[in-house]
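The residues of the chain are indexed from 1 along the displayed sequence. In listed order, ligands and their atoms are each counted from 1.
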Amino acid sequence: MPINADRIRRDIETINSFNATPGKGITRQTFTAEYQGAVNYVIDQCNQFGADVSVCPGGNVRCRLAGSDESAPAVMMGSHLDSVVNGGRFDGVAGVVTALEAARSMAEDIASHRLPVDVVIFPEEEGSRFGRGLLGSSIWTGILDADQIISIEDANGISYLEAMNLAGFKVDENRLLEPAAVAAMLEIHIEQGAVLEKRGHRIGLVEAIAGIQQLNIKIKGTADHAGTTPMAQRSDPLQAAARIIIEIDKIARSTGPRTVATVGRIVCEPGQVNVIPGIVRFSVDVRDSDEKLLESAVGAILQMVQSVCNQHHLEVESVRLSEAEPVVLSDTIIDLLEKKSIEKNIRPYKMISGAGHDTALIAGLTRAGMIFVPSRDGLSHCPQEDSSIEDIALAAEILLAAVIELAK
Ligand SMILES: [Zn+2]
(Lines give C-alpha, C1' and ligand atoms only; values in the text may rest on other atoms or scores of the structure.)
Protein backbone atom coordinates (compact mmCIF):
# COMPACT_ATOMS: atom_id res chain seq x y z
CA MET A 1 0.00 0.00 0.00
CA PRO A 2 1.28 3.48 -0.79
CA ILE A 3 1.59 6.28 1.74
CA ASN A 4 -1.79 7.83 2.51
CA ALA A 5 -1.60 11.60 3.13
CA ASP A 6 -5.13 11.67 4.60
CA ARG A 7 -4.18 9.20 7.30
CA ILE A 8 -1.08 11.29 8.09
CA ARG A 9 -3.26 14.40 8.36
CA ARG A 10 -5.69 12.58 10.67
CA ASP A 11 -2.85 11.26 12.85
CA ILE A 12 -1.36 14.76 13.21
CA GLU A 13 -4.76 16.21 14.13
CA THR A 14 -5.50 13.49 16.67
CA ILE A 15 -2.08 13.71 18.33
CA ASN A 16 -2.45 17.50 18.56
CA SER A 17 -5.87 17.16 20.21
CA PHE A 18 -3.81 16.11 23.25
CA ASN A 19 -2.78 19.61 24.19
CA ALA A 20 -2.60 21.48 27.51
CA THR A 21 -2.94 24.94 25.89
CA PRO A 22 -5.70 24.87 23.25
CA GLY A 23 -5.71 28.07 21.16
CA LYS A 24 -2.19 28.97 22.33
CA GLY A 25 -0.06 26.51 20.41
CA ILE A 26 0.79 23.00 21.53
CA THR A 27 1.95 22.17 25.04
CA ARG A 28 2.53 18.47 25.57
CA GLN A 29 5.20 17.94 28.18
CA THR A 30 6.72 14.56 28.82
CA PHE A 31 4.69 12.13 30.98
CA THR A 32 1.73 14.48 31.43
CA ALA A 33 -1.83 13.34 30.68
CA GLU A 34 -1.58 14.96 27.21
CA TYR A 35 1.67 13.12 26.48
CA GLN A 36 0.19 9.83 27.66
CA GLY A 37 -2.87 10.38 25.43
CA ALA A 38 -0.77 11.09 22.33
CA VAL A 39 1.55 8.11 22.87
CA ASN A 40 -1.39 5.80 23.58
CA TYR A 41 -3.01 6.87 20.31
CA VAL A 42 0.13 5.86 18.38
CA ILE A 43 0.37 2.57 20.31
CA ASP A 44 -3.28 1.87 19.53
CA GLN A 45 -2.69 2.54 15.82
CA CYS A 46 0.32 0.21 15.86
CA ASN A 47 -1.67 -2.49 17.67
CA GLN A 48 -4.22 -2.35 14.86
CA PHE A 49 -1.65 -3.60 12.36
CA GLY A 50 -0.27 -6.20 14.76
CA ALA A 51 2.85 -4.45 16.04
CA ASP A 52 4.43 -5.67 19.24
CA VAL A 53 4.73 -2.75 21.70
CA SER A 54 7.47 -2.47 24.36
CA VAL A 55 8.37 0.24 26.83
CA CYS A 56 12.16 0.42 26.90
CA PRO A 57 14.53 2.02 29.47
CA GLY A 58 13.77 5.71 30.01
CA GLY A 59 10.17 5.34 28.80
CA ASN A 60 11.12 5.08 25.13
CA VAL A 61 8.28 3.32 23.30
CA ARG A 62 9.06 0.80 20.58
CA CYS A 63 6.32 -0.59 18.31
CA ARG A 64 7.79 -3.49 16.36
CA LEU A 65 6.59 -4.92 13.09
CA ALA A 66 8.15 -8.39 13.06
CA GLY A 67 10.29 -9.47 10.13
CA SER A 68 10.86 -13.02 8.94
CA ASP A 69 14.13 -13.20 10.91
CA GLU A 70 13.36 -12.74 14.62
CA SER A 71 17.00 -12.40 15.60
CA ALA A 72 17.95 -9.82 12.97
CA PRO A 73 18.73 -6.22 14.05
CA ALA A 74 15.89 -3.75 13.56
CA VAL A 75 15.42 -0.83 11.22
CA MET A 76 14.33 2.02 13.52
CA MET A 77 12.36 5.10 12.58
CA GLY A 78 10.61 7.72 14.68
CA SER A 79 10.95 10.92 16.65
CA HIS A 80 9.38 12.58 19.71
CA LEU A 81 5.89 13.66 20.87
CA ASP A 82 6.84 16.00 23.73
CA SER A 83 6.77 19.71 22.93
CA VAL A 84 8.04 23.01 24.26
CA VAL A 85 5.49 25.23 26.05
CA ASN A 86 3.21 26.88 23.44
CA GLY A 87 5.03 25.11 20.62
CA GLY A 88 3.97 23.99 17.16
CA ARG A 89 1.99 21.12 15.65
CA PHE A 90 4.78 19.45 13.67
CA ASP A 91 7.99 19.42 15.72
CA GLY A 92 8.56 15.74 16.52
CA VAL A 93 5.01 14.80 15.50
CA ALA A 94 5.99 14.80 11.79
CA GLY A 95 8.61 12.12 12.49
CA VAL A 96 6.30 9.89 14.52
CA VAL A 97 3.31 9.99 12.15
CA THR A 98 5.47 9.30 9.08
CA ALA A 99 7.13 6.34 10.83
CA LEU A 100 3.66 5.10 11.82
CA GLU A 101 2.34 5.49 8.27
CA ALA A 102 5.40 3.77 6.76
CA ALA A 103 5.03 0.81 9.16
CA ARG A 104 1.28 0.66 8.50
CA SER A 105 1.91 0.56 4.75
CA MET A 106 4.45 -2.22 5.18
CA ALA A 107 2.03 -4.20 7.36
CA GLU A 108 -0.65 -3.92 4.68
CA ASP A 109 1.73 -5.02 1.95
CA ILE A 110 2.14 -8.68 1.19
CA ALA A 111 5.86 -8.24 0.37
CA SER A 112 7.82 -9.64 3.28
CA HIS A 113 10.79 -8.11 5.04
CA ARG A 114 13.46 -10.00 6.89
CA LEU A 115 14.44 -7.36 9.47
CA PRO A 116 12.06 -6.12 12.17
CA VAL A 117 10.87 -2.54 11.63
CA ASP A 118 10.44 -0.34 14.71
CA VAL A 119 8.40 2.82 15.22
CA VAL A 120 10.02 4.60 18.17
CA ILE A 121 8.91 7.51 20.36
CA PHE A 122 11.67 9.18 22.37
CA PRO A 123 10.46 11.05 25.50
CA GLU A 124 11.76 14.46 26.69
CA GLU A 125 13.53 15.41 23.48
CA GLU A 126 12.92 19.10 24.17
CA GLY A 127 14.00 19.11 27.80
CA SER A 128 11.11 21.46 28.54
CA ARG A 129 9.88 19.57 31.62
CA PHE A 130 13.04 17.99 33.08
CA GLY A 131 15.57 20.57 31.90
CA ARG A 132 17.66 18.27 29.78
CA GLY A 133 17.09 17.64 26.07
CA LEU A 134 17.44 14.25 24.32
CA LEU A 135 16.79 12.69 27.72
CA GLY A 136 14.92 9.53 26.63
CA SER A 137 17.50 8.62 24.02
CA SER A 138 20.34 9.44 26.45
CA ILE A 139 18.93 6.89 28.92
CA TRP A 140 18.16 4.23 26.30
CA THR A 141 21.65 4.40 24.82
CA GLY A 142 23.27 4.25 28.27
CA ILE A 143 24.84 7.72 28.03
CA LEU A 144 23.40 8.49 31.49
CA ASP A 145 24.03 6.13 34.39
CA ALA A 146 21.47 5.17 37.07
CA ASP A 147 22.69 7.79 39.59
CA GLN A 148 22.41 10.58 37.05
CA ILE A 149 18.92 9.44 36.04
CA ILE A 150 17.70 9.30 39.65
CA SER A 151 18.70 12.93 40.26
CA ILE A 152 16.66 14.31 37.34
CA GLU A 153 13.46 16.08 38.36
CA ASP A 154 11.03 18.70 37.11
CA ALA A 155 10.38 22.18 38.58
CA ASN A 156 7.96 20.67 41.14
CA GLY A 157 10.48 18.15 42.43
CA ILE A 158 8.86 15.16 40.67
CA SER A 159 11.58 12.83 39.49
CA TYR A 160 11.76 11.64 35.90
CA LEU A 161 11.31 7.99 36.90
CA GLU A 162 8.39 8.80 39.22
CA ALA A 163 6.65 10.83 36.50
CA MET A 164 7.25 7.99 34.05
CA ASN A 165 5.62 5.45 36.38
CA LEU A 166 2.71 7.77 37.21
CA ALA A 167 2.03 8.14 33.47
CA GLY A 168 1.89 4.36 33.12
CA PHE A 169 5.15 3.81 31.27
CA LYS A 170 6.22 0.56 32.91
CA VAL A 171 9.50 -0.67 31.41
CA ASP A 172 9.01 -4.18 30.04
CA GLU A 173 12.13 -4.36 27.88
CA ASN A 174 15.08 -3.72 30.21
CA ARG A 175 17.91 -3.93 27.71
CA LEU A 176 19.74 -0.78 26.72
CA LEU A 177 19.90 -0.11 23.00
CA GLU A 178 23.03 -1.74 21.61
CA PRO A 179 24.71 -1.61 18.19
CA ALA A 180 23.96 -5.29 17.52
CA ALA A 181 20.21 -4.65 17.91
CA VAL A 182 19.91 -1.83 15.36
CA ALA A 183 20.55 -2.03 11.61
CA ALA A 184 19.74 1.61 10.85
CA MET A 185 17.93 4.67 12.23
CA LEU A 186 15.86 7.09 10.16
CA GLU A 187 14.12 10.23 11.41
CA ILE A 188 11.93 12.70 9.57
CA HIS A 189 11.80 16.15 11.17
CA ILE A 190 10.67 19.62 10.19
CA GLU A 191 13.63 21.81 9.29
CA GLN A 192 12.87 24.52 11.90
CA GLY A 193 14.71 26.97 9.66
CA ALA A 194 14.09 28.60 6.27
CA VAL A 195 16.88 27.18 4.10
CA LEU A 196 14.73 24.65 2.18
CA GLU A 197 11.92 27.14 1.58
CA LYS A 198 14.34 29.86 0.38
CA ARG A 199 16.07 27.43 -1.98
CA GLY A 200 12.83 25.92 -3.21
CA HIS A 201 13.48 22.33 -2.08
CA ARG A 202 10.80 20.02 -0.70
CA ILE A 203 13.22 17.52 0.84
CA GLY A 204 16.42 18.05 2.81
CA LEU A 205 18.90 15.29 3.65
CA VAL A 206 20.90 15.92 6.79
CA GLU A 207 24.62 15.22 6.40
CA ALA A 208 25.60 16.31 9.90
CA ILE A 209 24.07 17.60 13.11
CA ALA A 210 25.87 20.67 14.41
CA GLY A 211 27.86 20.55 17.61
CA ILE A 212 26.91 23.12 20.26
CA GLN A 213 28.98 24.95 22.86
CA GLN A 214 27.27 27.25 25.31
CA LEU A 215 29.06 29.74 27.53
CA ASN A 216 28.03 31.98 30.40
CA ILE A 217 30.09 35.16 30.68
CA LYS A 218 30.08 37.41 33.74
CA ILE A 219 31.81 40.79 33.64
CA LYS A 220 32.29 42.67 36.89
CA GLY A 221 32.76 46.45 37.06
CA THR A 222 31.70 49.05 39.59
CA ALA A 223 28.12 50.22 40.04
CA ASP A 224 28.16 53.98 40.36
CA HIS A 225 26.15 57.20 40.02
CA ALA A 226 25.21 57.95 36.40
CA GLY A 227 25.42 61.71 36.97
CA THR A 228 28.42 62.28 39.21
CA THR A 229 30.91 59.77 37.74
CA PRO A 230 32.98 61.32 34.90
CA MET A 231 33.41 59.16 31.81
CA ALA A 232 37.13 58.71 32.50
CA GLN A 233 36.51 57.28 35.97
CA ARG A 234 33.97 54.61 35.06
CA SER A 235 34.30 50.87 35.27
CA ASP A 236 31.25 49.96 33.16
CA PRO A 237 30.89 46.27 32.26
CA LEU A 238 28.01 46.88 29.85
CA GLN A 239 30.25 48.97 27.58
CA ALA A 240 32.68 46.05 27.40
CA ALA A 241 29.80 43.59 26.85
CA ALA A 242 28.50 45.71 23.96
CA ARG A 243 31.89 45.56 22.22
CA ILE A 244 32.17 41.83 22.92
CA ILE A 245 28.73 41.06 21.50
CA ILE A 246 29.56 42.85 18.24
CA GLU A 247 32.87 40.95 18.03
CA ILE A 248 31.12 37.57 18.63
CA ASP A 249 29.00 38.21 15.53
CA LYS A 250 32.15 39.03 13.49
CA ILE A 251 33.96 35.91 14.72
CA ALA A 252 31.03 33.67 13.71
CA ARG A 253 30.89 35.26 10.24
CA SER A 254 34.62 34.86 9.68
CA THR A 255 35.13 31.33 11.09
CA GLY A 256 33.30 29.09 8.60
CA PRO A 257 30.34 29.08 6.22
CA ARG A 258 28.16 27.23 8.74
CA THR A 259 29.35 28.74 12.01
CA VAL A 260 26.60 30.47 13.98
CA ALA A 261 26.88 32.33 17.28
CA THR A 262 24.11 33.89 19.35
CA VAL A 263 23.92 36.02 22.46
CA GLY A 264 20.37 35.27 23.54
CA ARG A 265 20.26 36.35 27.17
CA ILE A 266 21.73 39.35 28.89
CA VAL A 267 21.24 40.43 32.49
CA CYS A 268 22.48 43.76 33.74
CA GLU A 269 22.70 44.59 37.46
CA PRO A 270 21.38 46.56 39.20
CA GLY A 271 19.42 47.48 36.06
CA GLN A 272 18.52 51.05 37.03
CA VAL A 273 18.13 54.02 34.66
CA ASN A 274 20.46 56.26 36.69
CA VAL A 275 23.08 53.72 37.80
CA ILE A 276 26.19 52.58 35.91
CA PRO A 277 25.90 48.76 35.84
CA GLY A 278 28.04 46.76 38.27
CA ILE A 279 27.69 43.30 36.77
CA VAL A 280 26.70 42.03 33.32
CA ARG A 281 26.03 38.39 32.56
CA PHE A 282 25.29 37.02 29.12
CA SER A 283 25.05 33.70 27.33
CA VAL A 284 26.83 32.66 24.14
CA ASP A 285 25.62 29.76 21.98
CA VAL A 286 28.03 28.67 19.23
CA ARG A 287 27.29 25.93 16.67
CA ASP A 288 29.09 24.29 13.78
CA SER A 289 29.04 20.88 12.12
CA ASP A 290 32.84 20.93 11.98
CA GLU A 291 34.43 20.18 15.34
CA LYS A 292 37.65 22.09 14.55
CA LEU A 293 35.80 25.21 13.41
CA LEU A 294 33.55 25.05 16.48
CA GLU A 295 36.56 24.85 18.80
CA SER A 296 38.30 27.60 16.90
CA ALA A 297 35.28 29.94 17.11
CA VAL A 298 34.86 29.31 20.86
CA GLY A 299 38.60 29.77 21.41
CA ALA A 300 38.59 33.06 19.50
CA ILE A 301 35.56 34.30 21.46
CA LEU A 302 37.12 33.48 24.84
CA GLN A 303 40.38 35.18 23.88
CA MET A 304 38.58 38.27 22.60
CA VAL A 305 36.43 38.47 25.77
CA GLN A 306 39.57 38.44 27.92
CA SER A 307 41.32 41.05 25.79
CA VAL A 308 38.36 43.47 25.75
CA CYS A 309 37.96 43.13 29.52
CA ASN A 310 41.70 43.75 30.02
CA GLN A 311 41.44 46.95 27.98
CA HIS A 312 38.51 48.07 30.15
CA HIS A 313 40.25 46.93 33.38
CA LEU A 314 37.33 44.66 34.23
CA GLU A 315 37.19 41.22 35.87
CA VAL A 316 35.66 38.47 33.79
CA GLU A 317 34.58 34.86 34.35
CA SER A 318 33.71 32.55 31.47
CA VAL A 319 32.02 29.22 32.17
CA ARG A 320 31.27 26.51 29.60
CA LEU A 321 27.64 25.53 30.24
CA SER A 322 27.25 22.58 27.93
CA GLU A 323 28.72 21.05 24.87
CA ALA A 324 27.62 18.53 22.29
CA GLU A 325 29.98 17.29 19.61
CA PRO A 326 28.97 17.51 15.95
CA VAL A 327 27.62 14.24 14.54
CA VAL A 328 28.22 13.15 10.97
CA LEU A 329 25.40 10.98 9.62
CA SER A 330 25.89 7.88 7.45
CA ASP A 331 26.95 8.32 3.81
CA THR A 332 25.34 4.99 2.95
CA ILE A 333 21.98 6.13 4.31
CA ILE A 334 22.23 9.58 2.70
CA ASP A 335 23.03 7.95 -0.67
CA LEU A 336 20.07 5.59 -0.27
CA LEU A 337 17.70 8.45 0.62
CA GLU A 338 19.02 10.48 -2.30
CA LYS A 339 18.46 7.56 -4.69
CA LYS A 340 14.90 7.07 -3.40
CA SER A 341 14.22 10.82 -3.74
CA ILE A 342 15.48 10.92 -7.34
CA GLU A 343 13.29 7.90 -8.18
CA LYS A 344 10.35 10.13 -7.19
CA ASN A 345 11.70 12.97 -9.36
CA ILE A 346 12.72 14.93 -6.30
CA ARG A 347 16.12 16.57 -6.04
CA PRO A 348 16.95 16.69 -2.33
CA TYR A 349 19.09 19.39 -0.76
CA LYS A 350 21.96 18.19 1.42
CA MET A 351 22.29 20.25 4.55
CA ILE A 352 23.38 20.57 8.17
CA SER A 353 20.99 20.47 11.12
CA GLY A 354 21.57 23.41 13.42
CA ALA A 355 19.23 21.87 16.01
CA GLY A 356 19.97 18.74 18.05
CA HIS A 357 17.96 15.54 17.51
CA ASP A 358 17.69 12.08 19.11
CA THR A 359 19.13 10.60 15.92
CA ALA A 360 22.46 12.27 16.83
CA LEU A 361 22.69 9.87 19.79
CA ILE A 362 21.45 6.78 17.92
CA ALA A 363 24.09 7.58 15.27
CA GLY A 364 26.64 6.46 17.87
CA LEU A 365 25.25 2.92 17.52
CA THR A 366 24.27 2.50 13.90
CA ARG A 367 24.01 3.99 10.41
CA ALA A 368 21.65 6.95 10.77
CA GLY A 369 19.98 9.45 8.47
CA MET A 370 17.49 12.30 8.70
CA ILE A 371 15.04 13.79 6.22
CA PHE A 372 13.98 17.42 6.67
CA VAL A 373 10.76 18.93 5.34
CA PRO A 374 10.42 22.71 4.91
CA SER A 375 9.06 24.87 7.73
CA ARG A 376 6.88 27.75 6.54
CA ASP A 377 8.85 31.01 7.02
CA GLY A 378 11.34 28.93 9.00
CA LEU A 379 9.22 29.28 12.16
CA SER A 380 9.32 26.61 14.90
CA HIS A 381 8.74 26.22 18.66
CA CYS A 382 5.80 28.62 18.30
CA PRO A 383 2.08 28.35 17.42
CA GLN A 384 2.80 29.62 13.84
CA GLU A 385 4.94 26.55 13.09
CA ASP A 386 3.66 25.07 9.82
CA SER A 387 4.64 22.52 7.17
CA SER A 388 2.67 21.13 4.24
CA ILE A 389 1.05 17.70 4.58
CA GLU A 390 2.08 17.02 0.96
CA ASP A 391 5.74 17.58 1.83
CA ILE A 392 5.42 15.40 4.93
CA ALA A 393 3.73 12.65 2.88
CA LEU A 394 6.48 12.90 0.25
CA ALA A 395 9.11 12.50 2.97
CA ALA A 396 7.15 9.46 4.23
CA GLU A 397 7.26 7.91 0.74
CA ILE A 398 11.04 8.33 0.62
CA LEU A 399 11.31 6.93 4.16
CA LEU A 400 9.15 3.93 3.25
CA ALA A 401 11.16 3.16 0.10
CA ALA A 402 14.42 3.34 2.08
CA VAL A 403 13.13 1.21 4.95
CA ILE A 404 11.84 -1.49 2.55
CA GLU A 405 15.32 -1.70 1.07
CA LEU A 406 17.09 -1.67 4.44
CA ALA A 407 14.75 -4.31 5.92
CA LYS A 408 15.06 -6.77 3.01
ZN1 LIG B 1 11.96 18.20 17.51
Apply salt bridge (Lys or Arg N to Asp or Glu O under 4.0 Å) to the pair Glu390 and Arg202, showing each step before the final yes or no.
CA-CA 9 Å; Glu390 290 69 29; Arg202 294 179 66 195; over 6 Å; no

Salt bridge Asp288-Arg258, side-chain N to carboxylate O under 4.0 Å
no

Angle between ring planes, Phe31 versus Phe169, binned at 30° and 60°: parallel, tilted or perpendicular?
tilted

Around Glu291, counting heavy atoms of other residues, nucleotides and ligands shown, do more than 12 lie under 6.0 Å from its CD?
yes

Check which protein N, O or S atoms are less than 2.8 Å from the Zn ion (ligand 1) and report how many there are.
3

All pairs passing salt bridge (charged side-chain N to carboxylate O under 4.0 Å, His left out) where residues 266-277 contributes a residue, at least two apart
Glu269-Arg281

Please check if atom NZ in Lys292 has more than 12 non-hydrogen atoms from other residues, nucleotides or ligands closer than 6.0 Å.
no

